Every structure is written in C-alpha cells, then in structure tokens.
Amino acid sequence: MNQTIKQSVTTNKEELTALRRKLHSEPELSFEEFKTTAFICEYLDNLGISYRKTEPTGVIAEIQGAPGGKTVALRGDMDALPVQQLNTHVPYASKEEGKMHACGHDAHTSMLLIAAKALSEIKDQLPGNVRLLFQPAEEAAAGAKAMVAQGAMNGVDNVFGIHIWSQMPTHKVSCTPGPSFAAADIFKVKFKGRGGHGAIPEACIDTAIVASSFVMNVQTVISRTIDPQSPAVLTVGKMVVGTRFNVIAENAEIEGTVRTFHPDTRDHIEKSITEYADSIATVYGASAEVEYIRGTDAVDNDEESSKLVQQVAVEAFGSDVIFNEKPTMGGEDFSAFLTKAPGSFALVGSGNPEKDTEWAHHHGNFDIDEDALVTGAELYAQYAWAYLNK
C-alpha cells in the first residue's frame with residue numbers, strides 16, 4: 001500500500017463527491033457521451049496526463065512511469081441509461097428527461113479521475129505505466145469492443161475494473177477468482193404460418209399456437225439438457241403475435257436472452273434453440289427462422305489478479321473489508337478487455353439502508369452511498385501501484 005495514494009484520495013474526498021454529482025446530473029446515453037468525454041479531457045489536461053480520444057466517444061490516457069516497466073490498465077465506464085429518475089429530491093438529480101445514471105457509471109468515472117490524480121502525484125515513483133480507459137457504451141455492450149479495436153489494450157499486461165454494487169454494504173469489496181458476470185446473448189425467433197379468419201381455423205396455421213408452444217417448451221433446454229451445476233438462464237422477454245381478435249396470426253416474433261458462465265453451455269443452448277424452433281414449427285406445419293446474437297463474454301477473473309485485489313483491499317481498508325458476493329447472471333462488457341490481457345473485476349459495496357441506496361441497478365430510485373467513492377478511488381490506484389511493484 002502506498003500512503004501517498006491514501007492521503008491524496010482522502011484529501012480529495014469532497015472533490016470526488018462533487019465530480020460524481022456533476023456527472024450524475026448530466027447523463028448521456030451510449031456513444032452519446034460527448035460532454036462527458038470533453039470534461040474528462042479537460043480534467044486530464046489540468047493534471048498534465050496525456051490522452052487520446054476514441055471514436056465516437058471515450059478517452060485512453062496514460063500515466064508514464066519508468067521506461068521498460070509493465071503497463072496496467074484501469075477501466076471506468078461512463079454512459080447512462082434511458083431511465084426516468086424517480087428520486088428527484090436529491091440535489092444532483094438528472095437534468096435530462098428520461099436519462100439517468102441508474103447503474104453507477106458516474107461513480108466509476110469520478111473514482112477513476114481521482115485515482116488518476118493520486119497516481120499522477122507519484123508518477124516519478126511508478127516502475128511502469130498506468131493506462132486509464134474511460135469507456136463509453138457499456139450499457140450497449142459495445143464500448144469495450146470499440147476501445148479494444150482502437151488499440152486500448154495494445155501493450156497492456158494486466159487490466160482492472162470496478163463496479164459500484166448496491167447489493168453489498170458500503171465499503172465492502174468482492175473480487176473472487178473465476179466467473180463473476182455471465183455471458184449475455186440475445187435470440188430472435190420468427191415463425192411463419194398461414195393466417196385467416198378466426199372462424200375457420202382448419203384452413204390456417206396459427207402461429208399464436210406455435211409461438212406459445214415454443215415458449216413453454218424451450219425452458220426444458222435448461223431444466224433437462226444442462227448440468228445443474230453449470231448455471232444458465234433462458235428468458236423470453238418479448239412475444240409479438242397477431243393483429244386482431246378474429247384473425248388467426250400468420251406471423252409471430254419472439255425475443256429473449258441467454259445467460260451462461262461456461263462456453264460449452266453457451267454453445268449447447270444456441271444449438272438447442274434452433275433445434276426446438278425448427279421441430280415445433282414442423283409439428284404445426286409452420287416455418288422458423290432463428291437469429292442468435294452473441295453479446296458479452298463472461299467476466300472470468302484471473303486467480304492471481306483477484307488475489308492481488310483482495311490483498312490490496314485488506315492492506316488499505318482492513319481485513320473485514322472482504323465480501324464474497326456470488327456471481328451474477330448480469331452481463332458486463334469488461335470481458336472484452338480480458339480477452340487481451342489477464343485481470344479482474346471488483347465490486348465495491350454502496351448499499352446503505354439509512355441512505356436509501358439499496359435499490360436495484362437500473363431502477364429509477366437507484367443511488368449510491370457516496371462514502372463508497374473513496375473506497376473505489378483508492379482501490380483503483382492502490383491496485384495499479386501494487387501490480388507495477390509486484
């Protein structure tokens with residue numbers, strides 16, 4: 001642990017809170033974070049940290065230490081959600097109708113800026129480089145891939161990210177080896193039958209029946225063909241069928257999501273969805289068209305990196321800081337960075353019932369206990385210091 005980092009983050013606590021509140025009140029959606037990008041660049045200019053913008057939004061910055069050393073990347077995402085803020089009584093409520101930082105990305109950006117400030121103060125002591133990834137469009141599951149394509153991970157030896165977590169108590173840190181966030185995929189199924197009058201069903205092929213049969217039966221892919229010790233979720237979230245009460249539907253469209261941790265399970269479910277759709281369509285004399293879209297890969301924490309996070313957290317905050325949060329079926333495109341270098345993704349608790357900050361992520365009442373900001377900012381900076389000195 002570096003005491004200068006700790007002192008710097010503590011000293012800048014009020015600024016850290018102010019940064020978060022400014023960003024919270026000015027949310028921007030995925031790939032629309034132009035003002036946020038400009039604000040980050042201005043802040044980095046004041047710190048004397050070199051950077052370049054990515055397209056269309058986002059920033060890659062670098063604090064350069066001793067030449068010849070390793071490079072560790074720190075990632076903070078910055079996009080908001082198309083969610084209407086409900087807790088409008090807070091003084092930092094969103095100024096943008098229908099837009100809100102309902103997942104904590106405002107906190108991530110603020111924590112990374114203050115971590116950058118702390119690290120820049122000791123850059124002459126750094127035995128390597130710290131790359132700062134201010135990432136757009138995490139909510140669209142596209143920003144990390146875009147940054148990787150634009151060279152964000154070139155020359156990076158290790159990568160570390162943080163997510164504020166309202167389901168954990170404030171200040172607690174969780175970073176366990178292995179899967180922590182699931183691979184998140186989308187599937188779309190279109191059934192085509194033969195429409196007609198509701199009074200003459202024998203002349204028709206009713207896709208309402210076909211689609212309903214698919215929805216009821218496709219769950220057996222999970223319950224009867226997957227090892228119960230290999231977690232998986234298949235959810236049908238949308239079904240559009242029919243046009244009028246007395247018209248038998250000719251077309252039906254279904255959309256859903258699949259969440260898995262293991263590649264073999266993912267492959268099996270993708271194949272099975274197509275087989276189920278084709279088989280059910282054949283039974284009723286209809287046809288099926290399936291589109292399976294692979295989204296984010298699973299976030300699989302490297303064991304060595306995860307243990308280093310735990311060690312850093314204990315040294316910085318005490319032995320009772322560690323919290324073993326169970327893996328979530330939620331998706332996180334931080335996984336795109338892990339395809340290029342080993343690393344880990346930590347959760348920092350911000351749930352506090354006394355401050356009403358235990359609302360689920362993506363809810364209109366979502367908020368964070370701002371006392372958690374210091375924990376996250378210091379963890380970013382201390383991890384980079386520890387990794388480079390390892």
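Everything numeric here is computed off the predicted structure, so don't read it as measured data.
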Which atom of [X] lies closest to which atom of [Y], heavy atoms considered:
{"X": "V148", "Y": "M153", "value": "CG2-CG, 4.1 Å"}
{"X": "T176", "Y": "N301", "value": "O-ND2, 3.0 Å"}
{"X": "L29", "Y": "P82", "value": "CD2-N, 3.6 Å"}
{"X": "H108", "Y": "C103", "value": "CE1-O, 4.3 Å"}
{"X": "D302", "Y": "P342", "value": "CG-CB, 4.1 Å"}
{"X": "G376", "Y": "I162", "value": "O-CD1, 3.4 Å"}

Chi angles and distances behind the side-chain contact (heavy atoms from CB on, under 4.5 Å) call for D185, I293 = CA-CA 6 Å; D185 300 334; I293 304 165; over 6 Å; no
So how far is it from [X] [atom1] to [Y] [atom2], rounded to the nearest 0.5 Å?
{"X": "Y292", "Y": "K271", "atom1": "OH", "atom2": "NZ", "answer": "14.0 Å"}
{"X": "D333", "Y": "D77", "atom1": "CG", "atom2": "CG", "answer": "7.5 Å"}
{"X": "L47", "Y": "I63", "atom1": "CG", "atom2": "CD1", "answer": "8.0 Å"}
{"X": "F134", "Y": "M78", "atom1": "CZ", "atom2": "CE", "answer": "9.0 Å"}
{"X": "F317", "Y": "K6", "atom1": "CZ", "atom2": "NZ", "answer": "5.5 Å"}
{"X": "N158", "Y": "Y387", "atom1": "CG", "atom2": "OH", "answer": "4.5 Å"}

Taking the side chain from [X] and the backbone from [Y], do they hold a donor-acceptor pair closer than 3.5 Å?
{"X": "S174", "Y": "F323", "answer": "yes"}
{"X": "Q219", "Y": "L234", "answer": "yes"}
{"X": "D369", "Y": "G351", "answer": "no"}
{"X": "T260", "Y": "A232", "answer": "no"}
{"X": "S335", "Y": "V299", "answer": "no"}
{"X": "T235", "Y": "G237", "answer": "no"}
{"X": "R131", "Y": "A152", "answer": "yes"}
{"X": "D206", "Y": "I248", "answer": "no"}
{"X": "T220", "Y": "N217", "answer": "yes"}
{"X": "S110", "Y": "D106", "answer": "yes"}

List the steps and the verdict of side-chain contact (heavy atoms from CB on, under 4.5 Å) for V156 and F337.
-> CA-CA 10 Å; V156 170; F337 299 119; over 6 Å; no
Quick one: do [X] and [Y] make a salt bridge, cutoff under 4.0 Å?
{"X": "K188", "Y": "E253", "result": "no"}
{"X": "E28", "Y": "K35", "result": "no"}
{"X": "R75", "Y": "E332", "result": "yes"}
{"X": "E291", "Y": "K190", "result": "no"}
{"X": "R266", "Y": "D297", "result": "yes"}
{"X": "E325", "Y": "K172", "result": "no"}

Hydrophobic clusters here meaning ILVMFWY residues chained together by side-chain heavy-atom distances under 4.5 Å, can you tell me if [X] and [Y] are in one?
{"X": "F160", "Y": "F334", "value": "no"}
{"X": "L44", "Y": "L133", "value": "no"}
{"X": "L338", "Y": "V72", "value": "no"}

Quick check on [X]: does its [atom1] atom have over 12 non-hydrogen neighbours (other residues, nucleotides or ligands) under 6.0 Å away?
{"X": "Q84", "atom1": "CD", "value": "yes"}
{"X": "Q229", "atom1": "CD", "value": "no"}
{"X": "E275", "atom1": "CD", "value": "yes"}
{"X": "K307", "atom1": "NZ", "value": "no"}

Of F191, Y284, Y276, the one forming a ring-ring contact (aromatic ring centres under 6.0 Å, His included) with F214 is F191
Hey, are the side chains of [X] and [Y] touching, using non-hydrogen atoms and a 4.5 Å cut-off?
{"X": "V312", "Y": "M1", "answer": "no"}
{"X": "S305", "Y": "Y383", "answer": "yes"}
{"X": "M168", "Y": "L347", "answer": "yes"}
{"X": "Q85", "Y": "F366", "answer": "no"}
{"X": "P169", "Y": "N352", "answer": "no"}
{"X": "V233", "Y": "V258", "answer": "no"}

Applying salt bridge (charged side-chain N to carboxylate O under 4.0 Å, His left out), run through K355 and D371 and close with a yes or a no.
-> CA-CA 11 Å; K355 297 182 179 180; D371 288 342; 2.9 Å; yes
Could K22 and F39 be counted as a cation-pi pair, given that NZ or CZ must be under 6.0 Å from the ring centre and within 45° of the axis?
-> yes
Just do the side-chain contact (heavy atoms from CB on, under 4.5 Å) check on I114 and E378 with the steps written out, would you?
-> CA-CA 8 Å; I114 292 300; E378 184 176 349; over 6 Å; no
Given H262 and S230, is the side chain to side chain donor-acceptor pair (under 3.5 Å) satisfied, shown in steps?
-> CA-CA 7 Å; H262 305 296; S230 296; 4.7 Å; no
Assign the ring pair H361 / H163 to parallel, tilted or perpendicular, where the plane angle (0 to 90°) is split at 30° and 60°.
-> perpendicular
Going by the angle between their ring planes, with limits at 30° and 60°, are H24 and Y92 parallel, tilted or perpendicular?
-> perpendicular
Excluding sequence neighbours, so at least two apart, what forms side-chain contact (heavy atoms from CB on, under 4.5 Å) with S8?
-> N12, A118, E121
With side-chain contact (heavy atoms from CB on, under 4.5 Å) as the test, would you mind laying out the steps for E304 and K390 before giving the verdict?
-> CA-CA 11 Å; E304 185 177 351; K390 189 161 61 78; 2.9 Å; yes
Do the side-chain N and O atoms of D79 and S30 include a donor-acceptor pair separated by under 3.5 angstrom?
-> yes
With distance as the sole criterion, is a donor-acceptor pair present between the side chains of E33 and T57 under 3.5 Å?
-> yes
May I have the step-by-step check of side chain to side chain donor-acceptor pair (under 3.5 Å) for H268 and T225, ending in yes or no?
-> CA-CA 9 Å; H268 173 79; T225 71; 2.9 Å; yes
Would the F181 and W165 ring centres measure less than 6.0 Å apart?
-> yes
So R52 and T54, side chain to side chain donor-acceptor pair (under 3.5 Å) or not? Walk me through it.
-> CA-CA 7 Å; R52 64 181 175 90; T54 52; over 6 Å; no
